[in-house]
Amino acid sequence: MLFAALACAGFLCSATGSQLAPRVARLAGSGERAVLVSLGAAAGGLLLLGATAAVTGPAALVLLALGYGFIYVGLGAAGPNENDLLHRRVDSAGRATALSVQSLALQLIGALTGLIAGHLPAGAARWLLGGAVLLAGALLWTRRTAPLAEPNPEATSVPSPSR
């Protein structure tokens, strides 16, 4: 029953993040920056979960709830912005392949992270490793600072023959 409640809370937080994705992109100034901010929020949530190892009592429950919420809201807000960037960068002929590669990469990273985290000692180390990896992934989005330009239909049209 507890797991069902946690799963439901995670889905609700993720849905809230997805609803906030356009607003985050507007406030951040671009989709790339929105992904950076969103993944940074999720990494902050993992770090809050790591902090629960050092705290007891009601403070640990507050940190747990905040961390859990930040993770799922952050990941929920990052997803639509990442999908928008993929849609604009990859033409329709290669989009299915790009989505498959993205899915396989996420599954591989998840499997490797699970194997590594399983060998870590109990406590904050597991959460801190996850937070550090997610933060490093978020920092990859800082390389691209200029927003993508909208396609110019005149630049791609075929000029008409002159008479």
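Computation of the quantities below employed the complete heavy-atom set of this structure, encompassing side-chain atoms and omitting hydrogens, waters and symmetry-equivalent molecules.
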Would you call R88 and E32 a salt bridge, taking side-chain N to carboxylate O under 4.0 Å as the test?
no
Contact between L99 and Q102 at the side-chain level, heavy atoms closer than 4.5 Å - yes or no?
yes
Measure across A25 and A34 and return the closest heavy-atom pair with its distance rounded to 0.1 Å.
CA-CB, 3.5 Å
C8 and L12, any side-chain heavy atoms less than 4.5 Å apart:
yes
Can you get from V24 to Y72 by hopping between Ile, Leu, Val, Met, Phe, Trp and Tyr side chains that sit under 4.5 Å apart?
no
Go through the steps for L75 and L39 under the test side chain to side chain contact (heavy atoms under 4.5 Å, CB included), then give the verdict.
CA-CA 6 Å; L75 292 176; L39 292 179; 3.9 Å; yes
For L36 and A138 the tightest heavy-atom approach is CD1-O, 2.9 Å
Shortest non-hydrogen contact from N81 toward A21
ND2-O, 3.4 Å
Linking I/L/V/M/F/W/Y whenever any side-chain heavy atoms sit under 4.5 Å apart, do I71 and L47 land together?
no
With distance as the sole test, does S100 use its side chain to make a donor-acceptor pair with the main-chain N or O of A96 at under 3.5 Å?
yes
Please name the pair of heavy atoms, one in A43 and one in L135, separated by the smallest distance, quoted to 0.1 Å.
CB-N, 3.8 Å
Using a 4.5 Å cut-off on heavy atoms from C-beta on, say whether the side chain of L63 contacts that of L49.
no
More than 12 heavy atoms from other groups under 6.0 Å of CZ on R23:
no
Is there a donor-acceptor pair closer than 3.5 Å between any side-chain N or O of S18 and the backbone N or O of G76?
yes
Would the distance check show the side chain of Y68 and the main-chain N or O of A9 forming a donor-acceptor pair, the cut-off being under 3.5 Å?
no
Common cluster, L134/L85, ILVMFWY with side-chain heavy-atom separation under 4.5 Å:
yes
Would you say L6 ends up clustered with L48 if hydrophobic residues are merged whenever their side chains have heavy atoms under 4.5 Å apart, either directly or through other cluster members?
no
Would you name the heavy atoms of G69 and C13 that are closest together and state the gap between them?
CA-SG, 3.9 Å
Joint cluster assignment, L27 & L20, ILVMFWY side-chain distance < 4.5 Å
no
